[in-house]
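Written out below as structure tokens is the structure these notes cover.
Residues take their numbers from the sequence shown, with the count starting at 1.
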Amino acid sequence: QVQLVESGGGLVQAGGSLRLSCAPSGRTLSIYAMGWFRQAPGKEREFVAQIKWSGGSTYYVDSVKGRFTISRDNAKNTVYLQMNSLKPEDTAVYYCATKEGPGSYDNWGQGTQVTVSS
């Protein structure tokens with residue numbers, strides 16, 4: 001299957017920026033789309049951003065639109081989540097994920113912690 005490794009999390013002040021990276025490996029030809037999700041303490045996991053593997057079209061949840069950017073580096077086979085103007089409510093474990101079709105995401109990385117302080 002596809003293995004996913006996230007990196008780039010950390011502690012940042014409100015208004016700051018972080019860039020998360022996700023490097024897939026294994027059977028990557030099966031990927032239809034890659035996405036970022038997050039789970040805050042005591043909350044359910046929520047969708048953040050998606051990029052389609054073929055074509056590169058993107059989609060964002062309203063709460064991050066205009067602040068976060070998902071992108072793809074074809075040469076490095078890596079997906080990024082650039083997070084600007086971070087808010088304390090962005091604090092969560094961020095997960096990279098893949099899916100093989102237009103249905104639900106079903107393949108997950110282990111997550112990277114993002115903490116935004118005031």
For this session: Carefully, step by step, assess Met34 and Tyr105 under the rule side-chain contact (heavy atoms from CB on, under 4.5 Å).
Result: CA-CA 8 Å; Met34 296 185 64; Tyr105 283 87; 5.5 Å; no
For this session: Determine, stepwise, if the pair Cys96 / Val79 fulfils side-chain contact (heavy atoms from CB on, under 4.5 Å).
Result: CA-CA 9 Å; Cys96 181; Val79 170; 5.6 Å; no
For this session: Determine, stepwise, if the pair Thr69 / Leu81 fulfils side-chain contact (heavy atoms from CB on, under 4.5 Å).
Result: CA-CA 6 Å; Thr69 303; Leu81 185 67; over 6 Å; no
Problem set entry | Full working for side-chain contact (heavy atoms from CB on, under 4.5 Å) between Trp108 and Glu6 | CA-CA 10 Å; Trp108 304 88; Glu6 305 101 327; over 6 Å; no
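Pairing each heavy atom of Thr78 with each of Ser21, the nearest pair is CG2-CB, 4.2 Å. Shown here for Ala14 and Ser118, the closest heavy-atom pair between the two residues is CB-CA, 4.5 Å.
Remark: Phe68 pairs with no residue by the ring pair (Phe, Tyr, Trp, His ring centres under 6.0 Å) rule, at least two apart or across chains. Taking Arg38 as the reference, Glu46, Asp90 meet the salt bridge (charged side-chain N to carboxylate O under 4.0 Å, His left out) condition, with sequence neighbours excluded.
Gln113 and Thr115 are linked by a side-chain donor-acceptor pair at a separation below 3.5 angstrom, with hydrogens and angles left out of the test. Side-chain atoms of Ser17 and Asn84 include a donor-acceptor pair closer than 3.5 Å.
Counting non-hydrogen atoms of neighbouring residues, nucleotides and ligands closer than 6.0 angstrom, the CD atom of Gln39 exceeds 12 such neighbours. For Gln110, the CD atom sits in a loose shell: 12 or fewer heavy atoms of surrounding residues, nucleotides or ligands are nearer than 6.0 Å.
Under the 4.5 Å side-chain criterion, counting only non-hydrogen atoms from C-beta, Tyr94 is not in contact with Phe37. Side-chain contact between Ile31 and Val2: present, with at least one pair of heavy atoms (C-beta onward) separated by less than 4.5 Å. Side-chain contact between Val114 and Leu20: present, with at least one pair of heavy atoms (C-beta onward) separated by less than 4.5 Å. Considering only heavy atoms from C-beta on, Trp36 stays 4.5 Å or farther from Phe47 through its side chain. Side chains of Arg27 and Gln3 form no contact here, defined as non-hydrogen atoms less than 4.5 Å apart.
Between atom NZ of residue Lys99 and atom OG of residue Ser30 there is a gap of 13.5 Å, rounded to the nearest 0.5 Å. Atoms CG and OG1, on Asp106 and Thr98 in that order, are 6.5 Å from each other to the nearest 0.5 Å. Atoms SG and CD1, on Cys22 and Ile51 in that order, are 11.5 Å from each other to the nearest 0.5 Å. Once rounded to the nearest 0.5 Å, the distance linking CD1 of Ile70 with CE of Met83 reads 11.5 Å.
For residues 51-62, the pairs satisfying side-chain hydrogen bond (donor to acceptor under 3.5 Å, both in side chains) are Asp62-Lys65, with sequence neighbours left out.
Cation-pi geometry between Arg72 and Tyr80 is not met at under 6.0 angstrom from the ring centre and within 45 degrees of the axis.
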